[in-house]
Amino acid sequence: MQKIDIEMIPGGATPPPVRVGEATIEEAAIAEEMQFHPADSAGTAQLKAARALVVRELLRQRAAALGMAEAAGEAVDEADAAIAELLERELDVPEPAEEDCRRFHAAHPERFSEPTRLRVRHVLLAAAPDDAPARDAGYRLGEKLVRELQAVPERFTEFAQRHSACPSKEEGGDLGWLAPGQTVAELDRALQHLPEGLHDRPLASRYGWHVVSIEARVEGRELPYEQVAEHVRHSLREQATRRALRHYLLALEAEIGVEGIALDDDSASALMQ
C-alpha cells in the first residue's frame, strides 16, 4: 500500500488506516495521543501522534517476538518497561572517544559557553498582534515615553507603574537578570544586540510594545573543554543514540511492515524526550 502523510489528505477526507504488521492503530487512539504532540496545526499534531504510536507498536511487537512477555500485556507501565529493556539490549551506541569530544567542542564553542546576561527594565504597552489601532497608539505612546526618559531617566519607575501591563510594574519595570530564552523569542532576539542604556525606540513583541532599558550587560564567554567535558560527551552520546534508534526503527518498519504512514528522521524524537 502507498504510504500517505496525514497532512496531505484533502480536507474532510478519511485518512487511510494505519497498520503495523497485523495491528491497526485506531483513529481514536491517534486523537487521544495528539495532546502530547503540540504543533502549529491539527494535521501536523495528528501526523506526529500517529508516528509516535507506530513507533511504540513496532517496538512492542519486536519485544513480544523476543519473548519479553511484559510487552504483550496492555498495561502501559509494563509495555514501557519492556520497550526500555528492548532498546537497552538491541541498540548499539558506542561511547564517544575523547578526541571526538574535543573536536566537537572546538567546532561548536557557542553550545558550550556561558550566555550573555542582561539586567533589563521595561514598560509593556499592551496591544494584540491583530489590533492595528492599538498597535499604532502603543507605538506612539512608546516613542513619547522614550523622549521623556531621554530627558529625565529617573521617571522610568513612574512610567512603569503608570503605563506597564506587566507585573514587573510593581518593581519599577525591573525584569532582573535575563539569559537567552527567558522571554518571548522576538523580544529575546532584539535584546541580545542592545548596548547598555535606554533603547531609542519601542521594541515589538506579540504582547505589544516595550520601552526597554539595559541596566547592565555581562557578556558570555567560551568555557574550556575541561569545564564542560561531561556536557560535550552527553551531547555526542545523545546524537549517536538518535542515529542508532532511527536506523533500528527503519529496519523494524521494513521487517514488520507499516501501512498508511511513513516514518521520518524525527520519528524517534518522542522516545528521546
Side-chain angles (χ1 to χ4, degrees), residues 20 33-40 44-45 47-71 75-117 178-182 185 188-189 192 219-256 258 261-273:
V20 180
E33 178 72 15
M34 284 173 62
Q35 64 182 305
F36 304 113
H37 303 275
D40 294 336
T44 301
L47 180 61
K48 290 182 176 181
R51 282 179 172 149
L53 292 176
V54 165
V55 166
R56 287 183 58 82
E57 181 61 21
L58 282 170
L59 296 173
R60 190 199 67 79
Q61 290 190 28
R62 175 60 177 170
L66 293 177
M68 300 165 70
E70 298 92 337
V76 173
D77 290 345
E78 291 182 353
D80 286 347
I83 288 172
E85 183 182 346
L86 171 72
L87 295 177
E88 181 71 23
R89 180 190 302 184
E90 297 223 298
L91 279 191
D92 183 15
V93 182
E95 189 68 17
E98 178 69 12
E99 57 268 28
D100 293 332
C101 292
R102 290 184 176 275
R103 189 160 47 244
F104 188 75
H105 173 261
H108 303 280
E110 73 286 350
R111 294 184 58 172
F112 308 103
S113 300
E114 284 184 344
T116 296
R117 296 187 303 126
L178 298 180
Q182 289 189 300
D188 189 42
R189 287 191 296 269
Q192 296 308 309
E219 296 296 338
R221 66 183 181 91
E222 294 182 13
L223 297 174
Y225 173 75
E226 289 71 21
Q227 198 168 332
V228 294
E230 189 51 42
H231 184 192
V232 176
R233 192 172 303 279
H234 174 78
S235 297
L236 282 181
R237 191 183 300 117
E238 186 177 75
Q239 286 187 7
T241 301
R242 287 182 183 276
R243 285 194 299 270
L245 185 54
R246 182 168 62 249
H247 294 152
Y248 182 67
L249 290 173
L250 292 175
L252 288 182
E253 180 186 24
E255 177 184 344
I256 296 174
V258 176
I261 194 171
L263 298 183
D264 66 358
D265 287 347
D266 293 328
S267 295
S269 296
L271 291 174
M272 295 291 294
Q273 296 174 354

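A quick note: this is a predicted structure, and the numbers were derived from the prediction, not measured. Numbers for residues simply follow the sequence, beginning at 1.
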For a side-chain contact (heavy atoms from CB on, under 4.5 Å) check, start with the C-alpha distance between Arg60 and Val20, then their side-chain angles and the critical distance, and finish with the verdict. CA-CA 10 Å; Arg60 190 199 67 79; Val20 180; over 6 Å; no

Please confirm whether the backbone N or O of Pro224 pairs with a side-chain atom of Gln227, one donor and one acceptor, at under 3.5 Å? no

Non-hydrogen atoms of Val93 and Ala244 that approach each other most closely: CG2-CB, 4.1 Å

Reported CG-to-CZ distance for the pair Leu58 and Arg62, which is rounded to 0.5 angstrom: 11.5 Å

Output the distance between atom CD (Glu33) and atom NE2 (His37), rounded to the nearest 0.5 Å. 3.5 Å

Is there a donor-acceptor pair closer than 3.5 Å between any side-chain N or O of Arg51 and the backbone N or O of Ala262? yes

Can you measure from CE (Met68) to CD1 (Ile83) and round to the nearest 0.5 angstrom? 9.0 Å

Where is the tightest heavy-atom contact between Ile261 and Val258, given as atom of each residue plus distance? O-CG1, 3.5 Å

Pair Arg103, Glu99 - check salt bridge (Lys or Arg N to Asp or Glu O under 4.0 Å), show working. CA-CA 6 Å; Arg103 189 160 47 244; Glu99 57 268 28; over 6 Å; no

Roughly how far, to the nearest 0.5 Å, is NE2 of His234 from CD of Glu238? 4.5 Å

Does atom CD of Gln35 have more than 12 heavy-atom neighbours, drawn from other residues, nucleotides or ligands, at distances under 6.0 Å? yes

Give me the atom names and distance for the closest heavy-atom approach of His231 to Arg111. CE1-O, 3.9 Å

Hey, could you give me the CG/CG distance between Leu252 and Leu86, rounded to the nearest 0.5 Å? 7.5 Å

Is a donor on one side and an acceptor on the other found under 3.5 Å between the side chain of Arg233 and the backbone of Pro96? yes

Any chance you could lay out the ring-ring contact (aromatic ring centres under 6.0 Å, His included) test for Phe112 and His108, step after step, and finish with the verdict? CA-CA 7 Å; Phe112 308 103; His108 303 280; 7.6 Å; no

Please find the pair of heavy atoms, one from Thr116 and one from Pro180, that lie closest to each other, and give the distance. O-CD, 3.3 Å

Measure the CD-NE2 distance between Glu222 and His105 for me, rounded to the nearest 0.5 Å. 7.0 Å

Testing the basics here: between Ala39 and Ala45, what is the closest heavy-atom pair and its distance to 0.1 Å? CB-N, 3.6 Å

